[in-house]
Amino acid sequence: MLNTTEPTQPETIVSLKGVRKRFGKNEVLRGIEIDVIRGEVVAIIGRSGSGKSTALRCMDYLETIDDGSITVCGHRVNDKTNLKALRLDVGIVFQSYNLFPHLTVEENIMLAPKAVKRLPKREAKELAHRMLREVGLTDKAEQFPEQLSGGQQQRVAIARSLAMQPKVMLFDEVTSALDPQLTGEVLRVIENLARGGMTMIMVTHEMNFARRIADTIIFMHEGTIWEKGPPSMLNNPQTVELKEFLQNEL
Ligand code: ADP
Ligand code: MG
């Protein structure tokens, strides 16, 4: 969440300029402009197929772009990008948790710090337990993913991502597979992160959540940014498309 009392110049963490992306003849991003400053929480909303996931994936070079430019944490994201450096700075969490089933919760979290950051095992374990505290799961450290609920597994996935100390977190509909109660516990973790000052971009259908924690809402429609503004924009949609979208989400 933006710290409005901070005296320093805002630092741009993510910048997309004129981004275009095609899958074959299907142009799914048609000139996207997004600027996210440090500490900002951006929620991307929009109908299925509007290009939300593709936009997010392009930021972490999981998709290439056809035109425009993307800069994330000072890295120009293109075929010359140092992917390891980029992905040290960017955490990304999806709807599916993708935990390793044969590793315990703490081992899942220790894996990347050990392999990528060469952290000794003992330090990696301490780090894993700190991260588990952040997501309220210290008691699950030695369990296996299948022994956990979906909401708990998703919180482990978030802890695993946080263990790499990213500068920005990307969330793509991380609660879509969860029932309302489990959704709530995952959203609380994300809300705490936001209040702690983490820069984040999240694709979400949780309209009330977006309203409460986002600094900026981006409504995507047919591969373009159709409307953008503070959460109050949802009270007064300027386009029929946003109006209809909000009605359908109710
Ligand atoms: P959203 O996340 O808003 O639902 P997506 O970014 O997933 O939208 O998809 C936008 C469009 O791009 C859709 O028409 C989808 O079918 C298409 N698309 C996404 N990924 C691929 C892919 N790997 N290959 C071909 N088409 C894709
Ligand atoms: Mg999507």
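Along the sequence shown, residues carry numbers from 1. Order of listing sets the numbers, starting from 1, for every ligand and every atom in it.
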Parallel, tilted or perpendicular: ring planes of His221 versus Trp226, cut at 30 and 60 degrees: perpendicular
Per-residue contact class, Met220 against ligand 1 - non-hydrogen pairs under 4.0 Å: neither
Closest protein heavy atom (residue, atom, distance) for atom 16 (O) of ligand 1: Asn26 ND2, 4.8 Å
Aromatic plane relationship, Phe100 with His102 - under 30° parallel, 30 to 60° tilted, over 60° perpendicular: perpendicular
Flag side-chain contact, heavy atom, 4.5 Å: Phe245 against Glu249: yes
Test item: protein heavy atom less than 4.0 Å from atom 14 (O) of ligand 1: yes
Gly46 touching ligand 1 at heavy-atom level, < 4.0 angstrom: no
Arg47 heavy atom under 4.0 Å from ligand 1: yes
Residue, atom name and distance, where the atom is the protein heavy atom closest to atom 8 (O) of ligand 1: Gly51 N, 3.2 Å
Identity and distance of the protein heavy atom lying nearest atom 10 (C) of ligand 1: Gly49 O, 3.5 Å
Backbone or side-chain N or O of Val28 under 3.5 Å from ligand 1 N or O: no
Pair Arg130 + Glu134, salt bridge at N-O below 4.0 Å: no
Worked verdict on Glu40 versus Thr216 for side-chain hydrogen bond (donor to acceptor under 3.5 Å, both in side chains): CA-CA 8 Å; Glu40 189 173 1; Thr216 306; 2.6 Å; yes
Heteroatom distance test (Thr54, ligand 1): nitrogen or oxygen, under 3.5 angstrom: yes
Chi angles and distances behind the side-chain contact (heavy atoms from CB on, under 4.5 Å) call for Arg155, Val186: CA-CA 6 Å; Arg155 283 147 68 197; Val186 173; 4.2 Å; yes
Met59 and Ile92, any side-chain heavy atoms less than 4.5 Å apart: no
Nearest neighbour in protein (non-hydrogen) for atom 3 (O) of ligand 1: Lys52 NZ, 2.7 Å
Within-cut-off N or O pair, Phe23 and ligand 1, under 3.5 Å: no
Closest protein heavy atom (residue, atom, distance) for atom 7 (O) of ligand 1: Ser53 CB, 3.7 Å
Atom indices of ligand 1, in the order listed, that fall short of 4.0 Å to a heavy atom of Ser48: 4 (O)
Pairing of Arg20 and Glu27 as salt bridge, 4.0 angstrom limit: yes
Distance-only donor-acceptor check, side chains Ser53 and Asp172, under 3.5 Å: yes
The Mg ion (ligand 2) contact by Ser48, N, O or S atom under 2.8 Å: no
